[in-house]
Amino acid sequence: MTKQERAARTRDALLLAAAREFQLHGYDRAKLSVISAEAGVSSGALHFHFENKAALAQALRTEASHSLRRAARLVHSRRTSALQALVDVSHALADLLRRSIVVRAGFVLGCETEHGTGLNLRQEWQCCVQQLLAEADDERTLAQGVLQQHMAGVLVASTVGYEVLSRSNPEWLSCFTLTAFWELLLPTLAAPPALTHLDPAGSDAAHRASAAALRTGCVPASLGPAAP
């Protein structure tokens, strides 16, 4: 293992340990000593990679943002329509939050403006929803009378609400839950001719996108002790 590989492994171990600590105790109560011990490295190794707790939190926010953006780009590259892309991106988002503690911790930290540095992942998600609804309107696949601003509010509030509820019950982010949500909403959102072509369970693009985002950007679900 080269020096660069050992450094990358140590950084990933620290991010994973930090994600666990922040999830258990929140940002304010999280302790760097616990994070370094959980990662299996010294305090000096932690500070070599991250100046302080704020730097660790920012790294988690960045990891989450990059993973979610990668998934959205992959869905967009395989999209068949704006509305199906909207369904697919929501499934990819839920899958990433469910499967990766790093993405989950970074998303939560990225939604807490008091600890942020201008990166707000809920706002990014809202912009994504608004853009796809505007594209669906251009494609003339929205149902008559749908108000984009109101619908965007419903979608963002619902999906972000699922993330909050999932902190005590992961089933809120399950494919089954999200599919049921879209089965209820799509008949109101989509024009009848478009509705027949939409899959509320998400297309293959959604599942490929989240898997690819995890492979290329996030630390694995578990890591052993790492060298500094």
message: Check this for me, if you would: do E139 and R79 make a salt bridge, where the nitrogen-to-carboxylate-oxygen distance has to be below 4.0 angstrom?
response: yes
- prompt: Is the backbone of L32 close enough, under 3.5 Å, to the side chain of K53 for a donor and an acceptor to pair up by distance?
  reply: no
message: With rounding to the nearest 0.5 angstrom, report the CG to CD distance, L24 to E38.
response: 9.0 Å
query: What's the spacing between L173 CG and S166 OG if we round to 0.5 Å?
result: 3.5 Å
- prompt: Can you find a pair of side-chain heavy atoms, one from V108 and one from L60, that are under 4.5 Å apart?
  reply: no
Heavy-atom side-chain proximity of V103 to L97 below 4.5 angstrom: yes
query: Side chains of C128 and V89: closer than 4.5 Å at any heavy-atom pair?
result: yes
task: Work out which heavy atom in P200 is nearest to a heavy atom in W182; give both atom names and the distance.
output: CB-CB, 3.7 Å
query: Side-chain heavy atoms under 4.5 angstrom apart, residues restricted to Ile, Leu, Val, Met, Phe, Trp, Tyr: same cluster for L74 and L68?
result: no
query: Side chains of Q23 and R104: do they bring a donor and an acceptor to under 3.5 Å?
result: yes
message: Taking atom CZ as the centre, does F181 end up with more than 12 heavy-atom neighbours from other residues, nucleotides or ligands that are less than 6.0 angstrom away?
response: yes
Identify every side-chain donor-acceptor pair in residues 146-160 under 3.5 Å, counting partners at least two apart or on other chains, and give the distances.
unit_1, atom_1, unit_2, atom_2, d
Q148, OE1, A134, N, 3.4
Q148, NE2, D137, OD2, 3.3
S158, OG, V154, O, 2.7
T159, OG1, W125, NE1, 2.8
T159, OG1, L155, O, 2.7
T159, OG1, V156, O, 3.3

- prompt: Just how far is it from atom CG of D88 to atom OG1 of T80, taken to the nearest 0.5 Å?
  reply: 7.0 Å
field: Backbone N/O of V87 and side chain of S90: donor-acceptor pair under 3.5 Å
entry: yes
- prompt: Got a sec, which residues hit side-chain contact (heavy atoms from CB on, under 4.5 Å) with N169, two or more places apart in sequence or on another chain?
  reply: E171, W172
Stepwise side-chain contact (heavy atoms from CB on, under 4.5 Å) test for R11 and F50: CA-CA 9 Å; R11 186 179 186 277; F50 302 101; 3.7 Å; yes
statement: CD (E63) and CG (L109) are apart, to the nearest 0.5 Å, by 12.5 Å
field: Euclidean distance, R20 CZ relative to L15 CG, rounded to 0.5 Å
entry: 12.0 Å
statement: Residues V41 and A45: closest non-hydrogen pair is CB-CB, 3.9 Å
message: Is it true that S174 and T177 share a donor-acceptor pair across their side chains at a distance under 3.5 Å?
response: yes
message: Is there a side-chain contact between L195 and L83 in this structure, where contact means two heavy atoms from C-beta onward sitting under 4.5 Å apart?
response: no
query: Under a 4.5 Å cut-off applied to non-hydrogen side-chain atoms, are L189 and L133 in contact?
result: yes
query: Is S81 close to L198 at the side-chain level, that is, under 4.5 Å between some pair of heavy atoms?
result: yes
query: Do S67 and R70 pass the side-chain contact (heavy atoms from CB on, under 4.5 Å) test, and can you show the C-alpha distance, the side-chain angles, and the key distance before you say yes or no?
result: CA-CA 5 Å; S67 295; R70 270 192 299 272; 3.2 Å; yes
message: Under a 4.0 Å threshold between the charged nitrogen and the carboxylate oxygen, would E21 count as salt-bridged to K31?
response: no
query: Is any NZ, NE, NH1 or NH2 atom of the basic residue among R98 and E163 found under 4.0 Å from an Asp or Glu carboxylate oxygen of the other?
result: no
query: Tell me, do D199 and Q84 make a side-chain contact under 4.5 Å, heavy atoms counted?
result: yes
message: Are the side chains of S65 and L121 in contact, using a 4.5 Å heavy-atom criterion?
response: yes
task: Consider only side-chain heavy atoms of I, L, V, M, F, W and Y, link residues closer than 4.5 Å, and tell whether L96 and V164 are in one cluster.
output: no
query: Side chains of T2 and R6: is there a donor and an acceptor less than 3.5 Å apart?
result: no
